[in-house]
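The next block holds one structure in the form of structure tokens; read it before the comments.
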Amino acid sequence: MTDVHARPETDTAPAAPGEAELAEAGLALEIDGAVATVTLNRPERRNAMTFATWRGLAAIGRSLPADVRVVVLRGAGPCFSAGIDLSMFSGDGEGFSDGSDAAATDRFIAELQEGYTWLRRPDIVTVAAVHGHAIGGGFQLALACDMRVVADDARFCMKEPALGLVPDLTGTKPLVEIVGIGRALELCLTARTVAADEAARLGLAEIVVPADGLDAAVADLVASLLAVNAGAAVATKRLLWEAAENTLEEQCAAERREQIGRLREMFGGKG
Ligand code: ACO
């Protein structure tokens, strides 16, 4: 089975999407040394997302230079993202599947999910900087990140069931992992909105700050993340994500394995 969390196995990353591709996807990308900032960049549409957006996110993930250690996801304008572009439902967007060809629809959704799954890769730490609304696919994008730094005006909503759909952009697993099955059911099946203070109580936000302090809080967090040894960060992220799936015995073994790798790298042991 493909490990969706692994860095692509190529010697050199494919070229980053160009300006035209990014613009069509409603995205902007800035890479500054070890930090990549991905901006959802259709503020006039409240950063509503299209199929091109999700493909663009996947292309960014595939093309990240190897020295990028932290990826920040943010939204331009008044909010993080209003979720899927609702104009696609009216039939003028690129064709929605009616589900009649299950295998083709499965492949199609899997391709879109690739826009999200790379955010859990151990070689990078991903931070969602959320202000204003994060709805549906936007909420799921925040959930796909390792951490969420949230402005006090943030509002999360898993809107899909209210529209007759299920959340299918990888959000159900992190949501249940973070808030538990009962709360996840309550949030999804009522499609209610969760404000920043409740998001913090539920564990959906690691940090809540006044809206005008969001950029500074993200910059502080990024600086702290970069201050930690890069190899240890990668190994520790891998270890922590494995913890939920592993038995105690498996996790103890994983800790030993990762530590051996660290010791070899730090002290030159050959084994
Ligand atoms: N798709 C397409 N266009 C959108 C979307 C969207 N999801 N959200 C907002 N827009 C457009 C509006 O139509 C409006 O366009 P207009 O200027 O041509 O009239 C513009 O963005 C601004 O939207 P407003 O509603 O005026 O902005 P406001 O800040 O008052 O509200 C909010 C923002 C709460 C996000 C509201 O726009 C909204 O509820 N949007 C729909 C959210 C939604 O149901 N998303 C689908 C989730 S399910 C999923 O993602 C799978």
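Worth knowing before you read on, the calculation uses all heavy atoms, side chains too, and leaves out hydrogens, waters and symmetry mates. Both counts, for ligands and for their atoms, begin at 1 and track the order of listing.
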Considering only distance and modelled atom types, tabulate donor-acceptor pairs under 3.5 Å from the side chains of residues 194-218, sequence neighbours left out.
| unit_1 | atom_1 | unit_2 | atom_2 | d |
| --- | --- | --- | --- | --- |
| E198 | OE1 | R192 | NH1 | 2.9 |
| E198 | OE2 | R192 | NH2 | 2.7 |
| E206 | OE1 | R148 | N | 2.8 |

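- Under the 4.0 Å criterion applied to side-chain N and carboxylate O atoms, D85 and R45 are not assigned as salt-bridge partners.
- Contacts of E250 classified as side chain to side chain donor-acceptor pair (under 3.5 Å), with partners at least two apart in sequence or in another chain: T247.
- Here E114 pairs with R62 in a salt bridge; the nearest charged N to carboxylate O distance falls below 4.0 Å.
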Check each N or O atom of ligand 1 against all protein N or O atoms and list the pairs under 3.5 Å, with atom names and distances to 0.1 Å, one per line.
| unit_1 | atom_1 | unit_2 | atom_2 | d |
| --- | --- | --- | --- | --- |
| ligand 1 | 1 (N) | L86 | N | 2.9 |
| ligand 1 | 7 (N) | A82 | O | 3.2 |
| ligand 1 | 7 (N) | I84 | O | 2.9 |
| ligand 1 | 15 (O) | R45 | NH1 | 2.8 |
| ligand 1 | 18 (O) | R45 | NH1 | 3.2 |
| ligand 1 | 18 (O) | R45 | NH2 | 3.4 |
| ligand 1 | 21 (O) | E44 | O | 3.3 |
| ligand 1 | 27 (O) | R46 | NE | 3.2 |
| ligand 1 | 27 (O) | R46 | NH2 | 3.4 |
| ligand 1 | 29 (O) | R46 | NE | 3.1 |
| ligand 1 | 44 (O) | K159 | NZ | 2.9 |
| ligand 1 | 45 (N) | A82 | O | 2.7 |
| ligand 1 | 50 (O) | I84 | N | 2.8 |
| ligand 1 | 50 (O) | G137 | N | 2.8 |

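- Every residue meeting the ring pair (Phe, Tyr, Trp, His ring centres under 6.0 Å) condition with F139, not counting sequence neighbours, appears here in chain and number order: F156.
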- Task: Could you give me the CA-CA distance, side-chain angles and deciding distance for N41 and T39, then say whether side-chain hydrogen bond (donor to acceptor under 3.5 Å, both in side chains) is met?
- Result: CA-CA 6 Å; N41 199 28; T39 301; over 6 Å; no
